[in-house]
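Input: a single structure, listed below in C-alpha cells.
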Amino acid sequence: MTQFAAKLTKRSVDAATPTTSRYVIWDAELKGFALRVAASGTKTYILRYRPRAFGPGAPKRFVVLGRHGAITPDEARIRAKALLGAVAAGEDPAADHALAKNSTTVAALVELFLNEHVKAKRKRRTADGYAAVLNSYLVPKLGRRAADRITTAELAQLHLSLRDRPYQANRFIATVASMYGFAAKRGIVPKGANPAHGIERFRESPRARYLTSDELRRFGEALHLAETTGIPWNSNGQAPRSKHLVREENQRTIFPPEVVLAFRLLLFTGARLGEILKLEWGHIDLERGLIFLPDSKTGAKTMVLSGPALNLLREQSRTGLYVIPGASTDRPRTDLKKSWKAIQRHAGLEGARIHDLRHTFASIGAGASLGLPIVGKLLGHSQPATTARYAHLDADPLRRASDLIGAHLSEALAGKPGGDR
C-alpha cells in the first residue's frame with residue numbers, strides 16, 4: 001500500500017484523488033493520524049498507535065475516526081488527539097471498540113430480559129410495568145451502549161432525574177438491578193457486575209390509607225344511595241354547567257347491582273380489585289365459605305369469606321360465568337374507575353383509592369390484635385414483610401402494657417401495697 005506524508009487540511013484532502021490501489025496520507029504534524037484513500041474514491045480518517053500496556057514491541061493498532069464528508073479534517077484531528085491521550089493513559093481504544101461492537105447493547109438486553117424472563121415468570125401486569133419503566137427511561141438514554149459498559153454513576157444520574165417521581169424512580173432502579181442479575185446468570189455481563197447496586201433509593205411517602213369509622217359510615221350510605229335513588233351528579237354543591245338541565249330528581253346515577261356488590265366484596269374480603277372483577281361463580285364454595293382462586297398476584301389462593309360476604313354472594317342472582325359481569329355475561333367487568341369517583345366525591349373520601357378498601361380490611365384485623373400472620377393469610381400475602389406494614393396498628397398489647405405500668409406507678413405514688421414490687 002502506497003504511503004505519503006502531508007499536513008491533512010481540507011485542501012489537501014480534497015486534492016487526494018483515487019488510484020488503482022488504496023493508499024494512505026500520513027499527517028505531517030500529528031503522529032499516527034492519517035487519511036486512507038480507497039480505489040473507489042472513499043476517504044477515511046484513521047489513527048495508528050501502539051498500546052503502551054504491552055510494551056514497545058506490541059503490534060500497532062488502527063482505529064477508524066470517520067469518513068471524510070461526515071467529519072472534517074479538523075474534527076478528525078480532534079478525535080485523534082483525544083484517542084492518543086487515552087492511549088497515553090494506558091487505554092486501548094481499538095480493543096475497547098471491538099469489545100463494544102461484539103457486546104450486547106442495553107436495548108438488546110432489555111428485549112431479551114422482557115421476552116425470556118419477565119413475560120415467562122411474572123404476571124402480565126408486572127411484566128407491563130417492567131417494560132414501561134425500561135423502555136421509558138433506560139432505552140432512550142442508554143439503549144445503544146454496551147450493557148457491560150454502563151456505570152453506576154450513569155444510572156444514579158438517571159435515578160436523580162426522576163426525583164419528582166420517587167416511587168417510579170425507585171422501581172426503575174429495582175427493575176434494572178433485576179435485569180442485570182438476569183444478564184449475569186446468562187453470562188452477558190460478568191458475575192457481580194450490577195451497576196444498579198449501591199444506588200440509594202428515594203424516601204417514599206406511605207401509600208396506604210385507611211378509612212375511619214366516620215368515612216366507612218359515609219361510604220356505606222353512598223353505596224345504599226347508589227343502588228336505590230342514585231348518586232347525585234353534583235355531590236359537591238356546585239351548580240351544573242349545562243344550560244339545558246334535566247329535572248333535579250333525574251340528576252342522579254343508579255349503579256348496576258354488580259357494581260355495588262363489587263365495592264362491598266372488596267371491603268368485606270380485603271381482596272385485590274382484579275381478584276373480585278375476575279371472580280367466577282365456579283371459584284366459590286358457599287357451603288364451606290371459601291373462594292378458591294386458581295391464580296392471583298401470589299399464585300393460587302384460598303380466601304375465607306366472612307358472614308357479611310357470604311350473605312352478599314348468596315343473595316346475588318347469577319347471570320353468567322362471572323360474579324361481576326361486564327357488558328356481556330360471558331366477560332368480566334374491566335374496572336370501577338367512574339363509579340369509584342362518584343362514590344368518593346359523594347362520601348367525601350378525598351385521596352382514597354379502591355385499593356385502600358383492602359388496607360382498611362387489614363387495618364381492622366391488625367387493630368383487633370388478630371395477629372399479623374392471620375391478617376397476612378386473609379390477605380393472601382406470600383411474604384410476612386408485606387403484612388408488617390400494619391404492625392403499628394396493633395396497639396392493644398402496647399395499651400395493656402402502658403396501663404399496667406401506669407397502674408404500678410400510681411400505686412407507688414399513692415403508697416399502696418405492691419407499689420414497690
Side-chain angles (χ1 to χ4, degrees), residues 1-111 134-158 160-161 189 195:
M1 183 171 58
T2 307
Q3 303 187 40
F4 303 95
K7 182 178 180 179
L8 294 178
T9 62
K10 187 177 185 305
R11 178 177 295 180
S12 64
V13 171
D14 288 341
T17 57
T19 62
T20 55
S21 61
R22 188 175 64 177
Y23 67 93
V24 173
I25 302 176
W26 295 100
D27 185 66
E29 291 186 355
L30 185 61
K31 186 177 180 180
F33 178 43
L35 176 74
R36 186 175 63 201
V37 183
S40 62
T42 301
K43 301 173 183 180
T44 307
Y45 297 102
I46 61 173
L47 177 69
R48 183 180 67 181
Y49 69 94
R50 194 189 305 274
R52 296 186 64 183
F54 299 102
K60 294 180 179 180
R61 300 189 189 276
F62 289 85
V63 174
V64 174
L65 302 172
R67 286 190 176 184
H68 178 60
I71 61 173
T72 66
D74 290 339
E75 290 171 335
R77 187 182 299 276
I78 291 172
R79 292 185 185 183
K81 287 181 178 179
L83 289 176
L84 288 173
V87 171
E91 297 181 22
D92 189 354
D96 292 344
H97 178 74
L99 183 63
K101 188 175 181 180
N102 294 325
S103 296
T104 301
T105 64
V106 169
L109 176 57
V110 166
E111 186 175 356
L134 294 173
N135 289 320
S136 297
Y137 306 125
L138 185 65
V139 173
K141 294 289 186 181
L142 303 172
R144 293 187 174 185
R145 295 274 304 282
D148 58 356
R149 310 288 285 182
I150 302 302
T151 66
T152 299
E154 289 172 315
L155 286 182
Q157 190 61 39
L158 274 178
L160 184 63
S161 70
V189 300

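FYI, side chains are in, hydrogens and waters are out, and symmetry mates aren't considered; it's all heavy atoms of this structure. Here the structure is a predicted model, which is why all the values come from computation and not from measurement.
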Check your understanding: Is there a side chain to side chain contact (heavy atoms under 4.5 Å, CB included) between H68 and T44 once you walk through the steps?
Key -> CA-CA 6 Å; H68 178 60; T44 307; over 6 Å; no
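- Between P51 and R61 the shortest side-chain heavy-atom distance falls below 4.5 Å.
- Taking all atoms of both residues into account, the shortest heavy-atom contact from A5 to I25 is C-CG2, 4.5 Å.
- Minimum interatomic distance between A107 and V139 (heavy atoms only, all atoms of both residues): CB-CG1, 4.3 Å.
- When all heavy atoms of L30 and A80 are compared, the pair lying nearest together is CD2-CB, 3.8 Å.
- Residues R48 and W26 form a side-chain contact, since some pair of their non-hydrogen atoms from C-beta on lies under 4.5 Å apart.
- For the pairing with V63, the side chain to side chain contact (heavy atoms under 4.5 Å, CB included) check across L83, V87, I46 returns one residue only, L83.
- Summarising the geometry of V13 relative to P73, their closest heavy-atom pair is CG2-CG, 4.1 Å, with the distance given to 0.1 Å.
- The two residues R144 and T105 make their nearest non-hydrogen contact at O-CG2, 3.8 Å.
- Heavy atoms of other residues, nucleotides or ligands lying less than 6.0 angstrom from CD of Q157 number 12 at most.
- Heavy-atom minimum distance, L35 versus A16: CD2-CB, 4.3 Å.
- Counting heavy atoms from C-beta on, the side chains of D27 and K7 come closer than 4.5 Å.
- Here the side chains of L138 and L155 are in contact, with some heavy-atom distance below 4.5 Å.
- Within the 4.5 Å cutoff, the side chain of L84 has no heavy atoms near those of the F33 side chain.
- Every residue meeting the side-chain contact (heavy atoms from CB on, under 4.5 Å) condition with K141, not counting sequence neighbours, appears here in chain and number order: L158.
- Residues R36 and V24 form a side-chain contact, since some pair of their non-hydrogen atoms from C-beta on lies under 4.5 Å apart.
- Using a distance-only test at 3.5 Å, with no hydrogens or angles considered, no donor-acceptor pair links the side chain of T104 to the main chain of L109.
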